[in-house]
Undergrad: 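Got a structure for you, written out below as structure tokens; questions coming shortly.
Whatever order the structure lists ligands and atoms in, that order sets their numbers, starting from 1. Nothing fancy with the numbering, it's 1 onward along the sequence.
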Amino acid sequence: MKPFKVPVVPASTITPEAIYQQRRTVLKAMGFTGLSALLGQAFANVAVAADGPLLYRPASAQAFTTSEALTPFEHVSGYNNFYELGMDKSDPSANAAQLQTTPWSVAIEGEVGKPGVFTLEDILKPHALEERIYRLRCVEAWSMVIPWIGFPLKDLLARFEPTAKAKFVAFESVFDPSHLIGQKNNTSGIHWPYVEGLRIDEAVHPLTILAVGLYGKILPNQNGAPLRLVVPWKYGFKSIKSIVKIRLQETQPQTTWNLLAPREYGFYANVNPAVDHPRWSQQSERRLPASLLRPNRIPTQMFNGYQEQVASLYNNMDLRVNF
Ligand SMILES: Nc1nc2c(c(=O)[nH]1)N[C@H]1C(S)=C(S)[C@@H](COP(=O)(O)O)O[C@H]1N2
Ligand SMILES: [Mo]
């Protein structure tokens, strides 16, 4: 990450989330569940429709949602880190058209019984979509609350039959330097493609999802269309965007920010207010939308507030060493 800057984010204006909230209430009242078959159908549209609504069910458990105020759509889709599309927060939305999402395929490799290269449609078809309202805490000390639409990574991995040697999952983002400005003129110093990884128990945790949408619609390109990881108890950089490869393996994968600055960004990257970044405190965060006049600074929670769900994954680990 670049050195911490105080961004100036305009105050919230009238946004689609009011409409979204209304629609959600209606869907919930209708008991919008048990639609797996229909959802499979709906996927015919996912790959082709640019902006269509998605069919999904509400979060299936209390831990998968929050009553905190949602970050307005304009901020979720206009204030982004996606270095393939540029380094400033406004670059990814401005350059979103550079990301070519059709056709899209995902390679599943390594320690699996059924490896292969699959079209996006084949990847998505069996999965019912669910809303997950998660906090997203960037290592740069800002945060949002985002209503994702997705499905558990666990369910996808199971289809490809991981072997006993599958101890880690490695992910790779799109590589398209002829279109993506950040890869064409590499000013970030990132060694492309962007790569990330999880331990297998983290990957199959019920909170870990692959997202295909947010605010009830297909993911905007700048948020990592057509398929991105969301791991809500870890710093945002773990939630790799625009995934083209998933590899199960025995060894711990290399990860982009750790390669770039190993003393600043670890493999685990669990949100932890007690372990500061070498260049800034992690004790609090700016909940967006925020501004200079209304900084909206709130305390950062251990594991981003998901302690009850995930602390046991790290029982015997020193989180200062494994940061
Ligand atoms: N491929 C890729 N994935 C990425 C990034 C990136 O630059 N490239 N940035 C990460 C960071 S630092 C954050 S905070 C989140 C931001 O996700 P959002 O823009 O959807 O809020 O994406 C993460 N995933
Ligand atoms: Mo981030």
Undergrad: Do Tyr194 and Gln183 pair up side chain to side chain, a donor and an acceptor below 3.5 Å, judged on atom types alone?
TA: no

Undergrad: Are any of the side-chain nitrogens in Glu140 or Lys89 under 4.0 Å away from the carboxylate oxygens of its partner?
TA: yes

Undergrad: Strictly below 4.0 Å, N to O, side chains only: are Glu130 and Arg132 in salt-bridge contact?
TA: yes

Undergrad: What are the atoms of ligand 1, with element, lying closer than 4.0 Å to any heavy atom of Asn80?
TA: 18 (P), 19 (O)

Undergrad: Side chain, backbone, both or neither: which part of Tyr194 has a heavy atom under 4.0 Å from ligand 1?
TA: side chain

Undergrad: Is the shortest N/O to N/O distance between Trp142 and ligand 1 below 3.5 Å?
TA: no

Undergrad: With heavy atoms of Leu136 as the reference, note each atom of ligand 1 found under 4.0 Å away.
TA: 21 (O)

Undergrad: With a 4.0 Å cut-off on N to O distance, would you call Glu68 and Arg287 a salt bridge?
TA: yes

Undergrad: Please identify which atoms of ligand 1 are closer than 4.0 Å to at least one heavy atom of Ser239.
TA: 22 (O), 23 (C), 24 (N)

Undergrad: Taking 4.0 angstrom as the limit and counting only heavy atoms of Cys138, give me the atoms of ligand 1 inside it, by number and element.
TA: 14 (S)

Undergrad: If you measure every N or O of Lys241 against every N or O of ligand 1, does any of those distances drop under 3.5 Å?
TA: yes

Undergrad: Can a salt bridge be assigned to the pair Glu285 and Arg297 using a cut-off of 4.0 Å between side-chain N and carboxylate O?
TA: no

Undergrad: May I ask you to say whether Arg57 pairs ionically with Glu131, meaning some side-chain N is under 4.0 Å from a carboxylate O?
TA: no

Undergrad: Compute the shortest N/O to N/O distance between Tyr79 and ligand 1 and return yes if it is under 3.5 Å, no if not.
TA: no

Undergrad: So, Thr256 and Asn258: side-chain donor and acceptor under 3.5 Å apart, yes or no?
TA: no

Undergrad: Which bit of Glu140 gets closer than 4.0 Å to ligand 1, counting heavy atoms only: side chain, backbone, both or neither?
TA: neither

Undergrad: Are Arg228 and ligand 1 in contact, using a heavy-atom cut-off of under 4.0 Å?
TA: yes

